[in-house]
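In what follows, every chain begins at residue 1, and chains take the letters A, B, ... in the order their sequences are listed. All heavy atoms count here, side chains included; hydrogens, waters and symmetry mates do not.
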Amino acid sequence: MANEKKLVEAITPINEDFAQWYTDIVKKAELVDYSSVKGFVILRPYGYAIWENVQHILDGMFKDTGHSNVYLPLLIPESLLQKEKDHVDGFAPEVAWVTHGGSEPLAERLCIRPTSETLFCEHYQHVIQSYRDLPKLYNQWCSVVRWEKTTRPFLRSREFLWQEGHTMHETREQAEFETQQMLGVYQALCEKHLMIPVVAGKKTDKEKFAGAEATYTIEAMMHDGKSLQSGTSHFFGDGFARAFEITFTARDNTLQYPFQTSWGLSTRIIGAIIMTHGDDNGLILPPAVAPIQVVVLPIAQHKPGVIEAAGALRDRLKAAGLRVTLDDSDQSPGWKFAQYEMKGVPLRVEIGPRDIENNSCVIARRDTGEKVTMSLDALEDSVRQQLDALAQNLYDRALANRVKRSRSCADYGALEQAVAEQAGFYQTGWCGDVACEETLKEKLEISSRCMPFAQERVSDHCVVCGKEAKHTVVWGKAY
RNA sequence: CGGGAUGUAGCGCAGUUUGGUAGCGCGCUUGCUUUGGGAGCAAGAUGCCGCAGGUUCGAAUCCUGUCAUCCCGACCA
């Protein structure tokens, strides 16, 4: 092929080998580098900047809902982790232990936090005395360690960055409200900012968090039809409070246990962004979190006036509040086009001698590849419109993929056929018995993703055993 | 944790069968010419051949171990 692209920067086609495509993207878009320890990755400036933007948006939403940030220790004494039985059973197999201080063995070994429920409980036990001390609405930004066997950048690493909210409430109802409210915050982050449509619902008992009474989740469908659990919110009832002896004096002067929630969202969300929006040319970033929203590229930049015009253009867009970069390096225009497409920059603005003469510029969209010539007079408005249209298109495309890959199956035969046809979401009736869940895992290699809040009656019968259906469940293969 | 594959220059790879001076392409540096879809010419620089043992006069190459990465399963954000 005479016009074949240079192989150096080429990425594996998305529909040829999705896993390899993903790996190519995270490396070539310079999001991460591997370290010498399995499962521990280096977040490079461009990848970390995406996380910072996610953090900024989410943190604002947490503050708006009355939460405060705190920081708790990295290490948890073994005895503290042991206090709640379900919790320790769930996490013990995958925690990392600190056994020595210098060369001296420790009297009690310490685990590196896999999550901080136990630490928050210990602290809450100290600071909660009265109903006047409630609610406690805390959040922390930190990293946690879980000794995973299989690791992949963003999707599953042994250390990952996240936020974990931990709250305590006077009543069951208030804690339940909080649990749902924070899931709603995650849903808004995904759908309004990251342009990722999600299915919100409740986890089955088999899939819920260790120690929780109920776990709620948002599930996003990736380009290949697999599901990614993108954020979870847990309702604990007063189980941990009882285990940790956290009590408060209620309004009626009785001693009560407070009700607790926790909720988390991690850098895994960056994996969701990649696998939802990306294409054969690389990453496509939603404008809300793109480190560079607009790249300005001068054409024939050595000709008089071009660099100056490009600089003026950048300054105008910056003044308009956009994250914009001017690339006046000596690379050829074609190289730069490909480079910024790889990195998923939403809009490219080209300006060359021809444009300067016409008081115009060329705006190219990353999602459609469309190029339009625009007058410089209304530059800011044009760019904003294009960014909004791009964001909407990302959402619409992702939703279309999910719709195309979603099936409602009334009986086992239909489910089996749907699974064989394409990866996706399969909605069925379910009796509520974990045995039926395990049957589907074994035979069809699918797991329950959630029982959607928007319950749609698919069948009166469980898809496996045929008994009365108590819930509608969305099944799928998950990352 | 099982099954498969791979570690050689920043990236992609050849060289390993049959042990004998470390190679190619791209990138990088410098200079000139270029610039609306991955530019051209010229001159340069870059290697503990993943790591540790062993065999040998001699190891990128043979043996043992180990670490890491990728893919596929089982487990998890």
Side-chain angles (χ1 to χ4, degrees), chain A residues 3-12 17-24 26-28 30 32-41 90-91 93-95 114-115 143-164 186 203 207 209-210 215 217-220 227-234 262-272 281-282 297-303 306-307 327-342 348-356 360-362 364 369 371 373 441-442 445 447 477-479:
Chain A
N3 289 329
E4 201 172 351
K5 285 180 184 175
K6 301 236 162 137
L7 293 173
V8 204
E9 299 287 345
I11 54 176
T12 307
D17 184 345
F18 190 68
Q20 195 58 55
W21 171 87
Y22 179 82
T23 304
D24 288 350
V26 296
K27 287 174 75 177
K28 292 185 175 156
E30 300 180 335
V32 302
D33 187 25
Y34 292 104
S35 77
S36 54
V37 183
K38 178 182 169 69
F40 291 76
V41 295
F91 281 101
E94 55 179 23
V95 293
T115 178
S143 73
V144 291
V145 169
R146 300 180 187 177
W147 218 255
E148 301 289 350
K149 288 163 183 164
T150 306
T151 61
R152 303 189 70 190
F154 297 120
L155 301 177
R156 183 165 300 107
S157 46
R158 285 180 171 173
E159 179 185 19
F160 56 90
L161 298 176
W162 76 343
Q163 57 70 218
E164 47 178 330
Y186 292 153
K203 284 285 188 190
E207 300 283 332
F209 182 82
T215 290
T217 179
I218 48 172
E219 299 284 326
S227 186
L228 190 77
Q229 181 175 309
S230 304
T232 47
S233 186
H234 315 290
S262 81
W263 23 276
L265 181 139
S266 74
T267 39
R268 172 180 263 196
I269 203 71
I270 296 172
N281 294 327
L297 297 183
I299 307 294
Q301 62 190 31
H302 298 310
K303 300 233 167 96
V306 173
I307 287 284
D327 185 346
D328 58 359
S329 69
D330 208 28
Q331 298 287 0
S332 73
W335 187 91
K336 292 179 188 173
F337 295 168
Q339 183 66 10
Y340 289 98
E341 280 165 10
M342 165 73 70
R348 175 177 82 235
V349 177
E350 303 168 23
I351 184 156
R354 201 168 71 205
D355 303 295
I356 293 169
S360 66
C361 64
V362 172
K371 281 182 171 190
T373 302
K441 181 79 204 170
E442 218 169 281
E445 294 176 327
S447 59
K477 296 189 186 194
Y479 273 98

**Six-ring centre of A/Phe337, A/Arg348 cation under 6.0 angstrom, axis tolerance 45°** =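 Yes, A/Arg348 lies over the aromatic ring of A/Phe337.
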**Asked** Given A/Gln229, which of A/Glu207, A/Lys203, A/Arg268 fulfils the side-chain hydrogen bond (donor to acceptor under 3.5 Å, both in side chains) condition?
**Response** A/Lys203
Sugar-phosphate only, base, or nothing, as touched by [X] at under 4.0 Å among non-hydrogen atoms:
X        : answer
A/Pro153 : sugar-phosphate
A/Gly39  : sugar-phosphate
A/Val362 : base
A/Asp17  : nothing
A/Lys336 : nothing
A/Ser157 : base
A/Lys149 : base
A/Phe154 : base
A/Lys477 : nothing
A/Gly352 : base
A/Pro353 : base

Selection from [options] that lies nearest to any side-chain heavy atom of [X]:
X        : options             : value
A/Ala19  : B/A68, B/C71, B/G36 : B/C71
A/Glu148 : B/C75, B/G36, B/A74 : B/C75
A/Arg268 : B/G73, B/G37, B/A77 : B/A77
A/Lys441 : B/G37, B/C75, B/A77 : B/C75
A/Glu350 : B/U69, B/G36, B/G73 : B/G36

**Item:** Presence of A/Arg152 side-chain N/O under 4.0 Å of B/C71 phosphate oxygens OP1/OP2
**Value:**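 Indeed, a polar side-chain atom of A/Arg152 lies that close.
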**Prompt:** Phosphate oxygens OP1/OP2 of B/C71: is one of them under 4.0 Å from a side-chain N or O of A/Tyr22?
**Reply:**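 No.
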Got a donor-acceptor pair under 3.5 Å from the side chain of [X] to the base of [N]?
X        : N     : result
A/Thr150 : B/G73 : yes
A/Glu341 : B/G38 : no
A/Arg348 : B/G37 : yes
A/Ser266 : B/A77 : yes

Name the pairs: protein N/O against N/O of nucleotides 30-32 of chain B, kept only if under 3.5 Å.
none

**Request:** Starting from the 5' end of RNA chain B, give me the residue, A/Ile351 or A/Gln331, whose nearest nucleotide shows up first.
**Result:**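 Final value for this comparison: A/Gln331.
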**Request:** Please figure out whether A/Glu159 or A/Ala300 has its closest RNA chain B nucleotide nearer the 5' end.
**Result:** A/Ala300
**Request:** Mind calculating the distance between CH2 (A/Trp21) and P (B/C70) to the nearest angstrom?
**Result:** 16 Å
**Message:** Strictly distance-based, threshold 3.5 Å: is any side-chain N or O of A/Thr215 a donor or acceptor partner for the main-chain N or O of A/Phe209?
**Reply:**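 Indeed, once roles are kept as given, a pair shorter than 3.5 Å links the two residues.
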Partner lookup for [N], please. Criteria are Watson-Crick or G-U wobble with both distances under 3.5 angstrom; report none if nothing qualifies.
N     : answer
B/U69 : B/A5
B/C62 : B/G54
B/G23 : B/C13

